[in-house]
Protein chains: 2
Amino acid sequence: MTKAAAPAGPHSAIELLRSQSLTSLVQQELERRILAGGILPGDKLVEQDVATELNVSRGPVRETFRALEQAGLVVTEKNRGVFVRKISLQEADEIYEVRAGLDELIGRLAAERATPADLAELRTLVAEMRVAGKAKDVNAYYPLNIRFHDRLAQIAGNGTLLAAYRRLINELHLYRRQTLERGADSFHTSTRQHADIVDAVASRDGVRAGECLYQHAVKSRSRLHEALERDETLPPPALVRETTP
Amino acid sequence: MTKAAAPAGPHSAIELLRSQSLTSLVQQELERRILAGGILPGDKLVEQDVATELNVSRGPVRETFRALEQAGLVVTEKNRGVFVRKISLQEADEIYEVRAGLDELIGRLAAERATPADLAELRTLVAEMRVAGKAKDVNAYYPLNIRFHDRLAQIAGNGTLLAAYRRLINELHLYRRQTLERGADSFHTSTRQHADIVDAVASRDGVRAGECLYQHAVKSRSRLHEALERDETLPPPALVRETTP
DNA sequence: GCTTTGTAGATTGTCAACAATCTGCAACAT
DNA sequence: ATGTTGCAGATTGTTGACAATCTACAAAGC
């Protein structure tokens with residue numbers, strides 16, 4: 001034999017460029033920016049601009065656009081361009097509905113398959129969320145919430161399920177970006193629900209875990225609706241309040 | 001105003017080419033061929049060949065490949081080419097598991113939202129399946145089965161759910177192609193289950209409809225496993241006998 | 001004043017050419 | 001015989017150029 005498999009360590013550049021094409025790199029970068037909020041729903045993506053900024057030609061960028069379109073992150077209008085997808089209230093509603101269904105399944109499976117280490121990790125996350133909740137720190141709470149549910153989806157041990165779940169989460173993320181991140185989720189009930197979920201999983205009660213998660217997702221949707229209705233009665237939300245005082 | 005909107009009737013070519021790009025056309029065509037079995041799992045797709053056959057250049061073909069990859073129908077190996085995705089038994093198992101979860105949700109929603117016309121249509125489909133089942137006509141039964149479940153997913157009235165469901169069905173379709181279409185589903189129980197589903201939906205019993213569908217999906221998976229195990233006891237399916245006698 | 005028409009610039013859709021990589025086979029050495 | 005080395009052809013990855021379409025703005029007509 002020739003040599004041990006390169007341990008992707010020091011000369012990572014050569015390994016990276018050997019396995020990843022420009023298209024996939026561009027895709028990762030654009031995905032990151034869209035989900036991080038650097039680009040907002042409705043924004044137009046201009047091929048040449050993206051290409052110039054990332055130092056590639058338009059080809060890989062166009063390929064990326066087709067992938068992102070299939071992933072549901074952008075929409076293409078022929079001869080007009082591609083735009084970051086805007087998610088309507090109805091669509092968000094639909095997504096929440098499906099998410100509830102998947103979460104129920106996740107709960108059932110996770111209860112069967114969670115290891116003690118998994119449970120400990122979940123408990124740690126819940127504890128961290130409790131702290132962030134008490135401090136009313138949205139910026140800390142939101143990512144923890146995401147991580148908790150994603151971890152649970154991983155624990156369910158079904159890659160197809162995980163992929164489907166993540167796609168929905170991405171789309172909901174898009175929706176949040178669009179509605180100005182006004183998710184002042186009522187921390188208290190939310191954290192308690194998370195604790196209940198972990199307990200159900202720990203006691204191997206798949207049905208109850210599934211029910212908890214289903215209800216949890218449904219409640220999220222309700223909170224969304226309440227927040228929306230509250231806003232509709234208010235004047236259009238002051239868009240940017242970045243005035244340095 | 002100038003003119004009434006063109007009623008996509010006579011000069012459909014101009015309307016088609018105005019809204020659809022070559023990429024989307026190529027994508028539709030390739031998707032059709034893959035799902036129809038013209039191209040089989042594991043087959044390699046050569047850019048130039050596809051381009052030549054469809055009279056386009058490699059650009060649109062490459063874009064199509066990225067879309068199909070994201071759709072889970074092909075996999076790309078850098079500098080080696082794209083191949084129609086092969087679905088392992090484990091993956092098929094995962095997909096069945098998720099499908100069961102989605103089907104349960106479909107049942108619940110369909111029970112809430114089905115119109116009398118919907119119910120009549122479902123009953124017609126079940127009747128046709130019964131006929132095909134009695135005649136042991138797989139080629140008639142299989143598409144009817146697909147149509148039944150797809151219709152039900154439509155009736156659930158959730159576009160996101162429908163899209164996720166169809167994606168799974170496509171992947172399972174791929175798996176069937178690969179396992180030589182040996183699905184001699186036991187028609188009798190299958191048809192009875194379908195009738196039960198429609199009854200539950202008709203009586204607006206969402207929970208029961210969901211349970212029926214969940215069980216139905218689980219049974220499908222069991223049948224798959226039985227069929228597979230039956231085969232594994234047989235000699236390896238004489239793939240290629242590389243010794244020239 | 002308002003709508004329509006025409007033109008210039010920008011942007012997308014498509015194509016063909018070039019560079020990098022892989023595959024298969026033959027020649028060679030052990 | 002077995003395994004290695006080195007081409008030659010084929011295939012993919014990427015780029016730049018050209019044609020078709022759209023957008024914006026100014027000029028002309030009512």
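First the proteins, then the strands, lettered A, B, ... as listed; each starts at 1.
Without hydrogens or angle criteria, B/Glu94 side chain to A/Thr160 main chain gives a donor-acceptor distance under 3.5 Å. Using modelled atom types, one side-chain atom of A/Arg113 and one backbone atom of A/Ala156 make a donor-acceptor pair closer than 3.5 Å. No donor-acceptor pair under 3.5 Å is formed between the side chain of A/Glu47 and the backbone N or O of A/Arg58.
The nearest whole Å value for the distance from the CD atom in A/Glu63 to the C1' atom in D/dG13 is 8 Å. Distance, B/Leu54 CG to C/dC15 C1': 16 Å, rounded to whole Å. Taking atom CZ on B/Arg58 and atom C1' on D/dA10, their separation rounds to 11 Å, with Å as the unit. Atom P of nucleotide D/dC22 and atom CG of A/Asn79 are separated by 5 Å, given to the nearest angstrom. Here the P atom of nucleotide C/dT11 and the CG atom of A/Asp49 are 6 Å apart, to the nearest Å. Rounding to whole angstrom units, CD of residue B/Glu47 and C1' of C/dA17 are separated by 15 Å. As rounded to whole Å, 16 Å separates atom P of D/dT21 from atom CD of B/Gln20. Rounded to a whole Å, the NZ atom of B/Lys44 is 7 Å from the P atom of D/dT11.
Dashed line: the shortest gap from a side-chain N or O of B/Arg80 to OP1 or OP2 of C/dT21 is not under 4.0 Å. The shortest distance between the side-chain N/O atoms of A/Arg62 and the OP1/OP2 oxygens of C/dT12 is not below 4.0 Å.
Side chains of A/Thr52 and A/Asp49: a donor-acceptor N/O pair is absent below 3.5 angstrom, by distance only.
Counting only heavy atoms from C-beta on, A/Ser57 has its side chain closest to D/dG16 among D/dG16, D/dG13, D/dT12.
Note on B/Gly59: nothing from the nucleic acid sits closer than 4.0 angstrom, heavy atoms only.
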